[in-house]
Amino acid sequence: MTHLDQQFEAFKNESTEKKIEMFEMDGKLFDMIISQQLSREVLEELYNLTNHLRRMGKLKEGLDFLGTLLSHKRAMLYFEQPSSRTFLSFLNACHILGLKTSEIRDISVSSEVKGESYFDSIRTFSSYTDLVIMRSKDKDAAEKAAWLLNTYSNRPVPIINGGSGADQHPTQALLDIYTLMRSFSNQGGLDGKTVMFCGDLRRGRTARSLAYLLERFNDVKLIFCAPKEFQILDDILESLDNKGVKYEVITESVRSGLDRADAIYMTRIQDEHDLVAGESSIIDISKFKLTGEDLKYMKPGAAILHPFPRRDEIATEIDSDPRAKYWRQGRNGMWTRVALIAYIFNLEKQIMGFDVSKVDHLR
Ligand code: CP
């Protein structure tokens, strides 16, 4: 273990509060590593910005203006694991703000295969760019990168976690909450709602990040629905207990919770994290899939979400049901990510000052 590895191990054991402090610059969000960094106040600010950006996006002059804001900056997308949505939405979010982008999507083309340490690679990447957006197999990779640059670099650049192992995917949670809030805008908002998670909750980083973020809302209730092998881990339940958030753990079937859920958050089995290849395939998940028949057991105003990619957790016949919100999640992901990058680079005033009065309010 190197000196840097030892120092990082010590940081890893720090409290969440201490880490949140490390990921801030001048008292404001700088690195986006874990969803616990996002307070309700910051969420509201990011979503106001998202709504304004979406209206600007309907105007050529709005998009032209946005394209000038970070045209003097460069971003790197360092994606060690496969991605369609997170990669493309971040790439396009960067382009909307005028950021020039470079990428490594396959670690076999990085000098890490020649034995370069992860720490040296990150310092190298950061020396060429002003922002690093990353997805990694290692649950600690984004945290490690942010710690390294904030501790040792004269020119730390923000790190955004686009998915870290089986642990967290905070920007997915950001877009999921935005989608939920918009889905319930005519039903009194997200406060007081029951959100049911279904699928591989043990290794589903999107479900984990979303559970943390739902703690920011009043009187929400969470239902964790999965076979026992894929149930949510105790660290999430402990956090919910500490915040006084009510939850229920069920292991029978998706149908057993449908009548109580205002939102159903489906996930696929994350078998890329199997310790022994194929170990997930022997677990019976047939009762944890949504079928067309299930629609009649759901509330009429329910919202069905899925971070995607999906396999067969949601029957395609559900796609045309007005309760299916998963295609909106994808689109919302790009605009919430534009908002996040703009917020990190302190562009809120310039963006909110742009007149969008000629664009209708968003539906
Ligand atoms: N939801 C999500 O992270 O999708 P990708 O793996 O395609 O980025």
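Note that ligands are numbered from 1 as they come in the structure, with each ligand's atoms numbered from 1 the same way.
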Can you tell me the protein heavy atom closest to atom 4 (O) of ligand 1 and the distance?
Arg85 NE, 3.1 Å

Phe308 and His306 aromatic ring geometry - parallel, tilted or perpendicular at 30°/60° bounds:
perpendicular

Atoms in ligand 1 with a heavy atom of Phe308 nearer than 4.0 Å:
1 (N), 2 (C), 4 (O)

Whether Tyr47 and Tyr178 hold their rings parallel, tilted or perpendicular, with breakpoints at 30° and 60°:
tilted

Is it the case that over 12 heavy atoms from other parts of the model lie below 6.0 angstrom from the CG atom of Asp360?
no

As an exercise, identify every atom of ligand 1 less than 4.0 angstrom from a heavy atom of Ser84.
5 (P), 7 (O), 8 (O)

Any N/O of Pro309 closer than 3.5 Å to an N/O of ligand 1?
no

Is the closest side-chain heavy-atom distance between Thr86 and Gln81 below 4.5 Å?
no

Atom 6 (O) of ligand 1: the protein heavy-atom neighbour that sits closest, reported with distance to 0.1 Å
Arg135 NH1, 2.8 Å

May I ask you to say whether Asp130 pairs ionically with Arg155, meaning some side-chain N is under 4.0 Å from a carboxylate O?
yes

